[in-house]
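Reviewing the structure listed below.
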Amino acid sequence: MFIALEGGEGAGKSTLAAALEERLRAQGRDVVLTREPGGTDLGDIVSGMVRHRQGLTPRAELLLFEAARAQHVQDVIRPALERGDIVLCDRFTASTVAYQGYGRKLPLREIAQANRMAAGGAAPALTLLLDLPPDTGLRRDTTDPAGDRLRGERAAFHERVRRGYLAQAAADPERWLVIDATQPREAVLEAAWARIQALL
Ligand code: TMP
């Protein structure tokens with residue numbers, strides 16, 4: 001089972017992912033918790049580049065995320081799914097639709113093609129969207145935004161990212177759950193947990 005966690009900056013994805021991992025392990029399940037970009041050494045390099053390298057074009061940015069994804073799917077996600085593990089992935093293809101599609105305004109058709117090429121058929125059975133107003137998220141996220149190209153984007157960019165996520169969720173309610181991430185942490189966890197248990 002492949003589960004993706006999505007949301008804007010400071011939505012609480014990592015905290016939720018760690019809590020879900022703990023609960024699933026307590027049930028005796030094998031879990032792989034991973035993230036994009038990251039999850040492989042190439043992913044870590046891409047992560048540094050997309051955050052800090054000035055002058056990247058939107059298409060270069062798109063293809064860097066996709067290169068990291070192709071490696072991540074082959075080296076981490078696919079082997080885990082083949083072993084029968086549960087994969088919890090902090091960001092996947094929906095991030096690219098939201099950030100490079102809605103945020104950077106690249107054509108959604110191109111994003112879909114690039115996502116297909118990189119994911120090679122790997123698709124989450126469930127995507128948990130932690131939804132909250134961008135200014136709340138950016139205030140919560142205490143990491144230094146200096147020089148972080150994506151976090152440092154203007155408010156309108158982050159509003160478009162949010163809209164991009166909500167549009168994807170609305171188009172596929174069977175496979176998406178939107179969670180109000182302004183709720184207390186426990187309430188967010190219980191909402192996610194109930195849906196995962198129903199699926200399992
Ligand atoms: P995070 O570590 O906070 O999840 O940050 C990863 C950043 O990369 C975040 O700003 C979202 C961005 N991102 C994209 O723009 N496109 C993508 O496809 C992915 C996976 C992440």
Side-chain angles (χ1 to χ4, degrees), residues 2-18 20-21 33-54 56-77 87-108 110-120 122-124 127-132 134-165 167-168 181:
F2 182 10
I3 300 169
L5 288 88
E6 295 283 358
E9 316 297 315
K13 291 178 289 95
S14 332
T15 309
L16 175 63
L20 290 174
E21 180 191 26
L33 173 55
T34 186
R35 64 196 316 275
E36 288 198 356
T40 66
D41 53 355
L42 178 63
D44 292 335
I45 293 168
V46 164
S47 180
M49 288 188 74
V50 292
R51 275 172 198 283
H52 302 301
R53 195 187 160 97
Q54 297 307 312
L56 269 187
T57 71
R59 279 194 172 75
E61 182 182 278
L62 166 68
L63 293 170
L64 284 169
F65 281 117
E66 299 294 6
R69 176 163 302 134
Q71 195 75 41
H72 187 222
V73 167
Q74 180 185 287
D75 291 355
V76 179
I77 296 178
V87 174
L88 289 177
C89 191
D90 185 337
R91 298 194 182 281
F92 197 58
T93 48
S95 279
T96 320
V97 175
Y99 281 81
Q100 281 66 51
Y102 285 77
R104 298 280 190 229
K105 300 184 176 172
L106 288 175
L108 295 179
E110 288 183 16
I111 305 283
Q113 277 173 346
N115 274 343
R116 259 198 309 278
M117 188 185 294
T127 298
L128 301 168
L129 172 58
L130 298 189
D131 177 59
L132 85 177
D135 54 342
T136 310
L138 289 164
R139 259 201 317 274
R140 267 193 199 173
D141 188 341
T142 52
T143 56
D144 182 9
D148 186 321
R149 296 171 55 259
L150 285 150
R151 273 200 63 202
E153 277 293 335
R154 59 193 72 210
F157 175 90
H158 293 288
E159 288 293 348
R160 289 199 300 277
V161 168
R162 184 187 193 190
R163 246 190 320 112
Y165 274 131
Q168 294 180 79

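Numbering of ligands and ligand atoms starts at 1, following listing order.
Within 4.0 Å of ligand 1, counting heavy atoms only, the contacting residues are Glu9, Lys13, Arg35, Glu36, Pro37, Arg51, Phe65, Arg69, Arg91, Ser95, Thr96, Tyr99, Gln100, Leu150.
For residues 154-164, the set of pairs meeting the side chain to side chain donor-acceptor pair (under 3.5 Å) definition, not counting sequence neighbours, comprises Asp131-Arg162.
Taking every heavy atom of both residues into account, Ala119 and Thr93 meet most closely at CB-CG2, 4.2 Å.
Checked against the 6.0 Å centroid criterion, the rings of Phe65 and Tyr99 do not qualify as a close aromatic pair.
In this structure the side chain of Glu6 reaches within 4.5 angstrom of the side chain of Ser95, judged on heavy atoms.
Expressed to the nearest 0.5 Å, how far CG of Leu62 lies from CZ of Arg104 amounts to 11.0 Å.
Of the residues Leu33, Ile3, Thr15, Leu88, the one that meets the side chain to side chain contact (heavy atoms under 4.5 Å, CB included) test with Leu20 is Leu88.
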